[in-house]
Amino acid sequence: MKFFIKNYGCQMNLYDSSRMTDVLCMSGYELVQDICDAEIAIFNTCSIREKANEKLFSDLGRAKSRKFAAHQDGKKFLIIVTGCVAQAHAQELQRRASYVDIILGPQDIHGIADCIHNITADGNVDESTFNNNCITVQTNLNANNKFAHLPDNFFRRGVSEFLTIQEGCNNFCSYCCVPHTRGREYSRDVEDVLAEARRLTAMGVKEIVLLGQNVNSYAGQGPDAKIWNLARLLYTIAELNGLVRMRYTTSNPKDVTAELAKVHREVPILAPSVHLPAQSGSDRILARMNRRYSVDDYYRCVDVLMENRPDMVLTSDFIVGFPGETDDDFEKTMRFVEKIKFANAYSFKYSPRANTAAAKMDDQIPESVKSERLKALQRVLLEHQKQFNKNSVGKTVQVLFVKEGNHKNQSVGRSEYSQAVSVCDNSIGVGDLCNVKIVKTVSHSVIGMVV
Ligand code: SAH
Ligand code: SF4
Ligand code: F3S
């Protein structure tokens, strides 16, 4: 059977989508790029903000029509919802979308082929099961170690790949649903991570991006029975043959250590760019968010990273309109971003999430104020991003080419500073690592020539 998979949300979901693809391809299913060609539609969902939820339900509405049409023709069409909405809102899904066949939380994705097989092999899927009230629901948060069950084989891999080393989160930032969708923090064993990294490099992967919701609090059991931190893991992965670049994301400012910063100085293949979400520039709001660092702590992180890699590039995330955020708090965020000048930063309007502490706070901010603040912040962040790109003109960076561009002879890659760089040069191929001089900037990326 042919399957289509749509991904919402963060890189951890992208990793899960590629692992589900591995499981399914190994069981004889075929991946298709267009839902029109599929007999199985998988929606790997995100629940971080309400918008992501709404998008899912509109996509599901369209999938329902597709399923209905298929059933009219006597054909099968399975709808599967996986990921964070599946985990946190399984009951709502069953109620609002009873035509969904399978619901799997992020810790249950390894069983996807078995679930499909159970339905299809029994001949269960016929007209009578159009509204089946979800035949299979598995949301065993914390109960499974999916990594122990995922296959060793990979279906297909590119030049740059994600590797999840840690899942879940214990931080309970007051706005965030992740501890409810991914469960408590769990670090994979060092040997398990290394084995996967070796398999990736053996397939020709040149860049590995280590993933975790709070990746710099990694604490995995080592082969020496000791607990390894992220710094130690990075030193070891750096030794792998064929690997030319490493990155890690997402870091929490409260867990940035001098030891981790030192790895940036000592390991040349560790990219000098760190995504370090600040969320706010006001200590009062950071405390209400339960972030457990202050603005000064954040500046200290920047200092220790810069001391070790003076060319370090920082990117960040911000939330505006958090409950109780005053004009003065927001001004502090504006002053904070002016001071640091992030190379790139994502910003969002606060979105209340079920079962979180902030959703119950009584000083919620009106939508119109959130929109105004977001607009003002994004204007400045974009200015800084443009300035960063402009400042890079004339500089030589190292670009790892990951794909072909839309134009003739064009290749697209990323610099060590996580900048998107495109080059028109027929001597360049995907997978090449080249020194590139940046010649000009275009919207969100830059154009260069190989030197
Ligand atoms: N683990 C990462 C964040 C993962 S979520 C960290 O601790 O930084 C990615 C981003 O989504 C967050 O950095 C935050 O800016 C945003 N976000 C999370 N919950 C949100 C909410 N309820 N409303 C708006 N933005 C939110
Ligand atoms: Fe969410 Fe905070 Fe954990 Fe990040 S650190 S995943 S924002 S609870
Ligand atoms: Fe979204 Fe889940 Fe990632 S809520 S941001 S897909 S951890």
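In listed order, ligands and their atoms are each counted from 1.
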**Student:** Fit a plane to each ring of Y15 and F147, take the angle between them on a 0 to 90° scale, and name the class: parallel (under 30°), tilted (30 to 60°) or perpendicular (over 60°).
**Tutor:**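 Ring orientation, 0 to 90° scale: tilted.
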
**Student:** In chain order, what residues pass the salt bridge (Lys or Arg N to Asp or Glu O under 4.0 Å) check against D22, with sequence neighbours excluded?
**Tutor:**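 In terms of salt bridge (Lys or Arg N to Asp or Glu O under 4.0 Å), with neighbours along the sequence ignored, D22 is linked to R19, R157.
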
**Student:** Any Lys/Arg nitrogen of R353 or E50 sitting under 4.0 Å from an Asp/Glu carboxylate oxygen of the other?
**Tutor:**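 So R353 pairs with E50 through a salt bridge.
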
**Student:** Quick check on contacts: which atoms of ligand 2 are under 4.0 angstrom from a heavy atom of Y175?
**Tutor:**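 Those qualifying, in numeric order: 7 (S).
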
**Student:** Considering the heavy atoms of Q213, write down every atom of ligand 2 situated less than 4.0 Å from one of them.
**Tutor:**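 Close to Q213: 6 (S).
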
**Student:** Which protein residues come within less than 4.0 angstrom of ligand 1, counting heavy atoms only?
**Tutor:**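 These residues qualify: I48, R49, Y175, Q213, T250, P277, Q279, R291, D317, I319, F348, K349, Y350, S351, R353.
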
**Student:** With side chains defined as the heavy atoms from C-beta onward, is the minimum distance between K55 and Y8 less than 4.5 Å?
**Tutor:**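 The answer is yes; the side chains approach within 4.5 Å.
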
**Student:** Check the surroundings of atom NZ in K262: do more than 12 heavy atoms from other residues, nucleotides or ligands lie under 6.0 Å from it?
**Tutor:**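 It does not: K262 NZ has 12 such atoms or fewer within range.
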
**Student:** Under 30°, 30 to 60°, or over 60°: which ring-plane class applies to F322 and Y350, parallel, tilted or perpendicular?
**Tutor:**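 The arrangement is perpendicular - the two ring planes meet at more than 60°.
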
**Student:** What protein heavy atom lies closest to atom 1 (Fe) of ligand 2? Include the residue and the distance to one decimal.
**Tutor:**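 The protein heavy atom lying closest is C176 SG, 2.3 Å.
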
**Student:** Is any protein N, O or S atom closer than 2.8 Å to atom 1 (Fe) of ligand 3, and if so, which?
**Tutor:**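 Listed by chain and number: C46 SG.
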
**Student:** Answer yes or no for R49 and F348: cation-pi contact, defined as NZ/CZ to six-membered ring centre under 6.0 Å and angle to ring axis within 45°.
**Tutor:**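 Cation-pi check for R49 and F348: passes.
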
**Student:** So, using side-chain contact (heavy atoms from CB on, under 4.5 Å) as the criterion, who are the partners of D362 when residues are at least two apart?
**Tutor:**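 With sequence neighbours excluded, D362 shows a side-chain contact (heavy atoms from CB on, under 4.5 Å) to no residue whatsoever.
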
**Student:** For Y298 and Y293, take the angle between the two ring planes, folded into 0 to 90°, and tell me which bin it lands in: parallel under 30, tilted 30 to 60, perpendicular over 60.
**Tutor:**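 Plane angle between 30° and 60°, so tilted.
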
**Student:** Does a donor on one side chain and an acceptor on the other come within less than 3.5 Å for S17 and N44?
**Tutor:**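 Yes, side-chain donor-acceptor contact under 3.5 Å.
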
**Student:** Hey, are D108 and N140 close enough side-chain-wise for a donor-acceptor pair under 3.5 Å?
**Tutor:**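 Side chains of N140 and D108: pair found under 3.5 Å.
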
**Student:** Would you please determine whether N214 falls within less than 4.0 Å of ligand 2 on a heavy-atom basis?
**Tutor:**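 No; N214 lies far enough from ligand 2 that no heavy-atom distance drops under 4.0 Å.
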
**Student:** Would you mind listing which atoms of ligand 2 come within a distance below 4.0 Å of any non-hydrogen atom of R291?
**Tutor:**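 Those of ligand 2 that fall under 4.0 Å from R291 are 2 (Fe), 5 (S), 7 (S).
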
**Student:** Can you list the atoms of ligand 2 that are under 4.0 Å from a heavy atom of C173?
**Tutor:**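 With C173 as reference, the close atoms of ligand 2 come out as 2 (Fe), 5 (S), 7 (S), 8 (S).
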
**Student:** Kindly indicate whether a cation-pi arrangement holds for R96 with F57, taking the cut-offs as under 6.0 Å to the six-membered ring centre and within 45° of the axis.
**Tutor:**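 The answer is yes, since R96 meets both limits relative to F57.
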
**Student:** Taking the six-membered ring for Trp, are F318 and F342 closer than 6.0 Å centroid to centroid?
**Tutor:**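 Ring centroids of F318 and F342 are less than 6.0 Å from each other.
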
**Student:** What is the closest protein heavy atom to atom 5 (S) of ligand 2, and at what distance does it sit?
**Tutor:**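 I find the closest protein heavy atom is N171 ND2, 3.3 Å.
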
**Student:** As an exercise, identify every atom of ligand 2 less than 4.0 angstrom from a heavy atom of V178.
**Tutor:**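 Selected atoms, number and element: 6 (S).
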
**Student:** One residue to check: C169. Relative to ligand 2, which of side chain, backbone, both or neither has a non-hydrogen atom less than 4.0 Å away?
**Tutor:**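 The answer is the side chain of C169.
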
**Student:** Using a 4.0 Å cut-off to any heavy atom of F172, which atoms of ligand 2 qualify?
**Tutor:**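 Reading through ligand 2 atom by atom, the close ones are 8 (S).
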
**Student:** Around atom CD of Q91, are there more than 12 heavy atoms of other residues, nucleotides or ligands at under 6.0 Å?
**Tutor:**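 Check fails, neighbour count at 12 or below.
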
**Student:** Closer than 4.0 Å to some heavy atom of N252 - which atoms of ligand 2 meet that?
**Tutor:**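 Close to N252: 5 (S).
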
**Student:** Are the aromatic rings of Y248 and H264 close, with centres under 6.0 Å apart?
**Tutor:**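 Yes - the distance between ring centres of Y248 and H264 falls below the 6.0 Å cut-off.
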
**Student:** Give me the residue, atom name and distance of the protein heavy atom closest to atom 7 (S) of ligand 3.
**Tutor:**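 Closest protein heavy atom to atom 7 (S) of ligand 3: Q213 NE2, 3.0 Å.
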
